[in-house]
Amino acid sequence: MSHRHHRVLSVASECAPLVKTGGLADVVGALPAALARLGWQSRILMPAYPGILEQVDRSEEAWRDDDLFGGPAVVRSGTCQGLDLLLLDAPHLFDRPGGPYTVDGHDHPDNPVRFAALSWVGAQLAMHGTVDRWRPDLVHVHDWQSGLVPSYLKYAGSEVPTLLTIHNIAFQGLFGPDQLDDLHLPTWDFHPEALEYHGLVSTLKAGMVHASRVTTVSPTYAEELTTPEFGFGLEGVARMRGDRGEMLGILNGIDTRIWDPAADPAVLPYSVENPRAKAENRRALLDEFSLEEPVGPLAVVVTRLTHQKGVDLLLETLPGFIEAGGAVVVLGSGDPAYEHGLGELASRFPRSVGVRIGYDEPLSHRMYAGGDLVLVPSRFEPCGLTQLYGLRYGAVPVVAATGGLRDTVVDATPANLADGTATGFTFGDSRQGGSIDAGGLSFALGRAIDMYADRESWLRLRETAMREPVDWGTSAGRYAELFAELVR
Ligand code: ADP
Ligand code: GLC
């Protein structure tokens with residue numbers, strides 16, 4: 001028996017700490033270390049956006065193509081904080097102002113080409129390996145941005161197994177069939193059983209059809225995906241893969257080396273055994289936003305400001321929460337209407353509401369450390385990481401009972417409190433006839449305020465939250481099992 005590590009190529013559009021717009025980056029950046037312990041060596045292929053190459057340590061040429069969808073491209077290998085990276089340096093696609101997907105609030109118009117190119121290179125590396133002869137046993141792709149890898153492999157007749165993980169089915173990678181040729185995709189496979197989604201090409205659907213297996217990031221979301229309410233038109237494909245036993249939910253974990261209140265350089269250290277400094281972090285957060293000491297809990301919100309995240313529910317509910325003694329700090333950016341609404345809330349309650357519009361990683365850490373509550377009223381949430389950071393840092397989660405939120409937070413019902421399993425507050429569980437709305441959120445916040453007033457119960461709840469195992473341990477094992485099955 002060979003003792004060589006198995007190799008997985010992970011193809012993704014973002015990876016923490018190099019570039020991050022959301023949870024996808026955290027997951028892509030955290031999985032390699034967890035998988036390494038289980039015998040899987042990872043390399044991550046991602047675009048060399050501006051400033052990325054400067055952050056990696058060594059950068060050797062691993063692959064090149066003088067004409068990658070209209071321009072020269074080089075893949076450079078390098079390392080950054082223990083991650084083995086393959087960086088796709090293709091200036092005509094990735095060297096430009098803006099974020100990975102947008103500039104000034106609009107999608108880059110050539111996103112289909114940019115990410116088809118990433119996927120194309122992923123397939124080439126899977127088939128032919130790098131200059132230093134690294135060739136993966138399996139390719140792990142994420143969301144629509146790398147959804148075409150399994151298709152390119154299939155059209156080339158390759159048998160390298162592929163796993164697609166769906167982090168959010170709402171983003172589908174759509175473009176017109178007129179681009180098929182340019183993106184090296186065959187027109188004969190443009191039909192509803194393969195690449196076509198209502199007259200357009202969907203790269204996510206392509207991945208869902210062609211990948212050897214499909215996973216998503218929580219068991220509840222895996223079920224939800226098969227319904228019209230959550231499937232965004234792809235519920236049929238999801239059901240098809242699910243019925244064949246080829247789709248499952250594996251819950252995300254968090255990187256507890258980075259997210260550890262006892263060792264986090266952004267906060268005053270504390271732990272479940274010695275939580276004293278949690279109060280100092282709270283004080284510091286209040287001071288940072290010039291807020292008054294509230295009678296009730298200090299809530300934090302760290303999020304993209306979008307409809308998915310239920311920001312409108314917060315705008316409706318927070319005035320009542322503040323009048324009942326709460327305070328809140330919000331960090332996020334996104335929809336201008338929500339940014340504006342939050343600004344108004346802060347001017348109406350200047351001593352109880354702090355708002356920071358923007359993206360600020362260290363501030364997010366200070367908020368989880370300083371908060372008594374973290375609020376996540378999402379309409380749908382494939383997994384959600386902010387509630388996991390909240391658990392770890394003792395900011396008790398108040399969440400909508402959907403997707404991964406439902407799988408990771410145990411509601412403080414009398415029964416769950418009595419048996420010591422409660423870790424937070426949930427609302428709007430459709431299986432119990434609830435719906436995710438302002439009334440439900442408001443009721444959950446009321447319960448949180450009441451419990452906060454009862455010091456002893458509060459501390460017990462917080463301690464259970466902090467002890468919740470949220471690391472990658474179990475879930476990395478499930479990925480490794482699945483990988484092993486695929487390469488057998
Ligand atoms: P999603 O990926 O849908 O945005 P997740 O809860 O999975 O949701 O992940 C969000 C991640 O992005 C978390 O790590 C969160 O702390 C971070 N985040 C979101 N908005 C901001 C922001 N404005 N500043 C700093 N971090 C943010
Ligand atoms: C997506 C989802 C989020 C999930 C993250 C990482 O962005 O919206 O729920 O936690 O991916 O899987």
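Atoms considered below: every heavy atom in the structure, side chains included; atoms not considered: hydrogens, waters and symmetry mates. Given the structure is predicted, the values throughout are model-derived calculations rather than measurements. Both counts, for ligands and for their atoms, begin at 1 and track the order of listing.
- Side chains of Ser352 and Glu292: a donor-acceptor N/O pair is absent below 3.5 angstrom, by distance only.
- Close contacts of ligand 1 with Gly358, meaning ligand atoms under 4.0 Å from a residue heavy atom, involve 22 (C), 23 (N).
- Considering both main-chain and side-chain atoms, Tyr368 comes within under 3.5 Å of ligand 1 through a nitrogen or oxygen pair.
- Considering all non-hydrogen atoms of both residues, Val353 and Ile322 come closest at CG2-CD1, 3.2 Å.
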| query | Could you go step by step and tell me if Thr413 and Asp411 meet the side chain to side chain donor-acceptor pair (under 3.5 Å) rule? | reply | CA-CA 6 Å; Thr413 60; Asp411 192 28; 5.5 Å; no
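- Side chains of Leu195 and Lys205 form no contact here, defined as non-hydrogen atoms less than 4.5 Å apart.
- Around atom CG of Asp57, more than 12 heavy atoms belonging to other residues, nucleotides or ligands sit under 6.0 Å away.
- Counting non-hydrogen atoms of other residues, nucleotides and ligands closer than 6.0 Å to CD of Gln55 gives a total above 12.
- Nearest protein neighbour of atom 18 (N) of ligand 1, counting heavy atoms only, is Val302 CG1, 3.7 Å.
- Residue contacts with ligand 1 include Lys309, since one or more of its heavy atoms lies under 4.0 Å from the ligand.
- The minimum heavy-atom distance linking Ala48 with Phe94 is given by the pair O-CB, 4.0 Å.
- Contacts between Asp360 and ligand 1 below 4.0 angstrom, taking non-hydrogen atoms only, involve the backbone exclusively.
- Residue Gly23 has at least one heavy-atom neighbour below 4.0 Å for each of these atoms of ligand 2: 5 (C), 6 (C).
- When non-hydrogen atoms are compared, ligand 2 lies under 4.0 Å from the side chain of Asn252 (C-beta onward) but not from its backbone.
- Using a 4.0 Å cutoff on heavy atoms, Cys383 does not count as a contact of ligand 1.
- Using a 30° and 60° split on the angle between ring planes, Trp259 and His365 fall in the parallel class, below 30°.
- Counted within 6.0 Å of OH on Tyr101, heavy atoms from surrounding residues, nucleotides or ligands total more than 12; the atom is thus considered enclosed.
- Taking only nitrogen or oxygen atoms, main chain and side chain alike, Gln308 does not reach within less than 3.5 Å of ligand 1.
- At least one heavy atom of Lys20 sits less than 4.0 Å from an atom of ligand 1.
- When hydrogens are left out, the protein atom nearest atom 2 (O) of ligand 1 is Gly23 N, 2.6 Å; that is the closest non-hydrogen contact.
- If you number the atoms of ligand 1 from 1 as listed, the ones under 4.0 Å from a heavy atom of Tyr389 come out as 13 (C), 14 (O).
- Near Val27, meaning under 4.0 Å from any of its heavy atoms, are these atoms of ligand 2: 6 (C), 12 (O).
- Those atoms of ligand 2 with a heavy atom of Gln308 less than 4.0 angstrom away are 8 (O).
- Summary of contacts: the protein heavy atom closest to atom 6 (O) of ligand 1 is Leu385 N, 2.8 Å.
- For atom 21 (C) of ligand 1, the closest heavy atom belonging to the protein is Tyr359 CE1, 3.4 Å.
- Residue Leu24 approaches ligand 2 through these ligand atoms, each under 4.0 Å from one of its heavy atoms: 5 (C), 6 (C).
- Distance check, rounded to the nearest 0.5 Å: CZ of Arg241 to CZ of Arg213 gives 8.0 Å.
- When all heavy atoms of Ala369 and Val267 are compared, the pair lying nearest together is CB-CG1, 3.5 Å.
- Ranked by closest heavy atom to atom 9 (O) of ligand 2, the top entry among Glu14, Glu381, Gln387, His167 is Glu381.
- Contacts between Thr303 and ligand 1 below 4.0 angstrom, taking non-hydrogen atoms only, involve the backbone exclusively.
- The protein heavy-atom contact nearest to atom 10 (O) of ligand 2 is Gly384 N, 2.8 Å.
- You'll find the side chain of Gln172 stays beyond 4.5 Å of the side chain of Thr203, heavy atoms only.
- At under 3.5 Å, a nitrogen or oxygen of Arg304, whether backbone or side chain, sits near a nitrogen or oxygen of ligand 1.
- Not a single N or O atom of Val217, backbone or side chain, sits closer than 3.5 Å to an N or O atom of ligand 2.
- Listed by number with element, the atoms of ligand 2 under 4.0 angstrom from any heavy atom of Asn168 are 8 (O).
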